[in-house]
Structures are given as structure tokens and as C-alpha cells.
Amino acid sequence: MAYKVFPAPTGSGNTVFEGDVLNGYTTPDGKKVSLQFYSNDRGYTAANYVTSSDGAKALRKELQDLFDANAAKTGVFSAESTGRAFKLAREFEGAPMILFCNGTDKLRGRCFHRGDAEALKKIGAEFDQVLKTIDDVMAGKGPGAEA
């Protein structure tokens with residue numbers, strides 16, 4: 001699916017973003033951001049993080065630090081991110097890695113994303129698109145803004 005950005009159909013003024021892994025919305029001022037990581041493993045589940053634009057940037061850094069420290073590992077391992085929002089593991093020798101997303105919403109609090117290092121890099125790239133969208137919305141350059 002192509003990454004999409006559009007005004008919320010509710011008339012709230014929020015901006016919605018949808019990607020392959022990350023969906024959510026931001027308020028115009030970036031004070032409330034909802035990030036939903038969707039699973040490609042074990043069914044259709046999502047981990048939801050309710051945060052701010054600064055919190056979203058901190059989550060992105062936390063995720064990148066976890067990838068940088070562990071993506072090259074080839075054996076069985078398990079590692080948590082510094083803020084415990086994410087965990088990266090390989091359960092069996094030769095198996096794909098599993099990214100655990102431990103969201104902040106108790107109803108939609110956890111999901112799993114399985115893949116090799118290249119597949120997990122795509123999550124980071126999509127997260128970067130989301131952060132750019134949030135920055136654009138806060139700068140008044142979101143969808144529906146006057147050119």
C-alpha cells in the first residue's frame with residue numbers, strides 16, 4: 001500500500017496517515033499523536049502509542065538504537081529497547097527476527113512484526129515518513145493547507 005496522508009473525515013482538524021506498518025493521526029499542533037504499528041505476524045493486531053510529536057521522535061530513536069545494536073546478530077537473542085517500548089528477538093537459530101511493539105494503549109497494547117534486517121529497516125523508513133508528516137502538519141503544510 002502506498003503511504004497516504006489526508007485530513008480526518010470527522011472535521012476535527014487532525015491529519016491521518018496510513019502506511020504498510022504505521023497508521024495514526026496527529027493534531028495540528030502535534031500535542032497528540034497516535035501511532036499504530038500493525039502486525040505482519042500472528043493475525044491482525046496493532047500496538048498503539050499515544051504520545052506527542054516529541055514523543056514520536058523519541059520512539060523513533062529508541063527503535064533505531066535497538067536495531068543498530070541488534071540487527072546484525074545471527075543467533076538466538078532477545079533485547080529490549082531503553083524505554084521498553086520495543087523488543088527485538090530471534091527465537092530459533094536461522095529464524096526471522098521478531099519485533100515486539102509494546103504500545104501504551106491497554107486495549108491495543110502489543111503486536112509483533114517478523115522479518116529479516118532488511119524488512120525491519122522498512123519500518124524505520126516508514127516511521128521517518130510519519131515524522132516528516134507530523135512536522136509538515138505542525139508547520140501548516142499538511143493536507144488541505146493553502147498553497
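In this structure, the separation between CG on Asp65 and OG on Ser81 is 9.0 Å, given to the nearest 0.5 Å. With rounding to the nearest 0.5 Å, the separation of OG in Ser39 from CZ in Arg110 is 11.5 Å. Separating the SG atom in Cys111 from the CD atom in Gln36 is a distance of 10.0 Å, to the nearest 0.5 Å. With values rounded to the nearest 0.5 angstrom, Phe112 atom CZ is found 10.0 Å from Leu99 atom CG. With rounding to the nearest 0.5 Å, the separation of NZ in Lys87 from OG in Ser78 is 3.5 Å.
Thr82 and Glu62 form no side-chain donor-acceptor contact under 3.5 Å, judged by distance and modelled atom types alone. Counted by atom type alone, Asp135 and Ser53 present zero donor-acceptor pairs between their side chains at under 3.5 Å.
Remark: Lys31 does not engage Asp54 in a salt bridge, criterion side-chain N to carboxylate O under 4.0 Å. Under the 4.0 Å criterion applied to side-chain N and carboxylate O atoms, Arg60 and Asp128 are assigned as salt-bridge partners.
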Evaluate the ring-ring contact (aromatic ring centres under 6.0 Å, His included) criterion for residues Phe37 and Phe86: first the C-alpha distance (whole Å), next the side-chain angles of each, then the deciding distance (0.1 Å), finally the verdict. CA-CA 11 Å; Phe37 283 76; Phe86 304 100; 5.7 Å; yes

Show your working on side-chain contact (heavy atoms from CB on, under 4.5 Å) between Thr133 and Tyr3 and close with a plain yes or no. CA-CA 11 Å; Thr133 297; Tyr3 183 76; 2.8 Å; yes

Taking it one step at a time, do Phe17 and Leu35 satisfy side-chain contact (heavy atoms from CB on, under 4.5 Å)? CA-CA 9 Å; Phe17 44 87; Leu35 297 170; 3.8 Å; yes

Mind running side-chain contact (heavy atoms from CB on, under 4.5 Å) on Lys122 and Val21 for me, showing each step along the way? CA-CA 9 Å; Lys122 291 178 184 177; Val21 176; over 6 Å; no

Verify side-chain contact (heavy atoms from CB on, under 4.5 Å) between Thr104 and Asn48, making sure each step is shown before the conclusion. CA-CA 6 Å; Thr104 57; Asn48 191 45; 5.9 Å; no

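Using a 4.5 Å heavy-atom cutoff, the side chains of Lys121 and Glu118 are in contact. With a 4.5 Å cut-off on side-chain heavy atoms, Glu91 and Ile98 count as touching. Residues Leu63 and Phe127 have side chains in contact (heavy-atom distance under 4.5 Å, counting atoms from C-beta outward). With contacts defined as side-chain heavy-atom distances shorter than 4.5 Å, the pair Tyr38/Asn23 qualifies.
When all heavy atoms are compared, the tightest approach of Val137 to Pro143 is CG2-CD, 4.5 Å. The two residues Pro96 and Arg90 have their closest heavy-atom pair at O-CG, 4.1 Å. The two residues His113 and Ile123 make their nearest non-hydrogen contact at CD2-CD1, 3.2 Å. In plain terms, the two heavy atoms of Pro28 and Asn14 that are nearest each other are CD-OD1, 3.8 Å.
Thr27 places a side-chain N or O within donor-acceptor distance of the main-chain N or O of Lys32, the cut-off being under 3.5 Å. With hydrogens and angles ignored, the 3.5 Å screen pairs a side-chain donor or acceptor of Glu126 with a backbone N or O of Asp20. With hydrogens and angles disregarded, a donor-acceptor distance shorter than 3.5 Å links the side chain of Tyr49 to the backbone of Ala85.
Among residues two or more places apart in sequence or in another chain, the ring pair (Phe, Tyr, Trp, His ring centres under 6.0 Å) test is passed with Tyr25 by none. Every residue meeting the salt bridge (Lys or Arg N to Asp or Glu O under 4.0 Å) condition with Glu80, not counting sequence neighbours, appears here in chain and number order: Arg84.
Leu131 and Leu120 fall within the same hydrophobic cluster, where Ile, Leu, Val, Met, Phe, Trp and Tyr residues are linked whenever their side-chain heavy atoms come under 4.5 Å apart, directly or through other members.
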Show me the donor-acceptor pairs, under 3.5 Å and distance only, between side chains in residues 70-77 and residues at least two apart or in other chains.
unit_1, atom_1, unit_2, atom_2, d
Asn70, OD1, Lys73, NZ, 2.7
Asn70, ND2, Leu66, O, 3.0

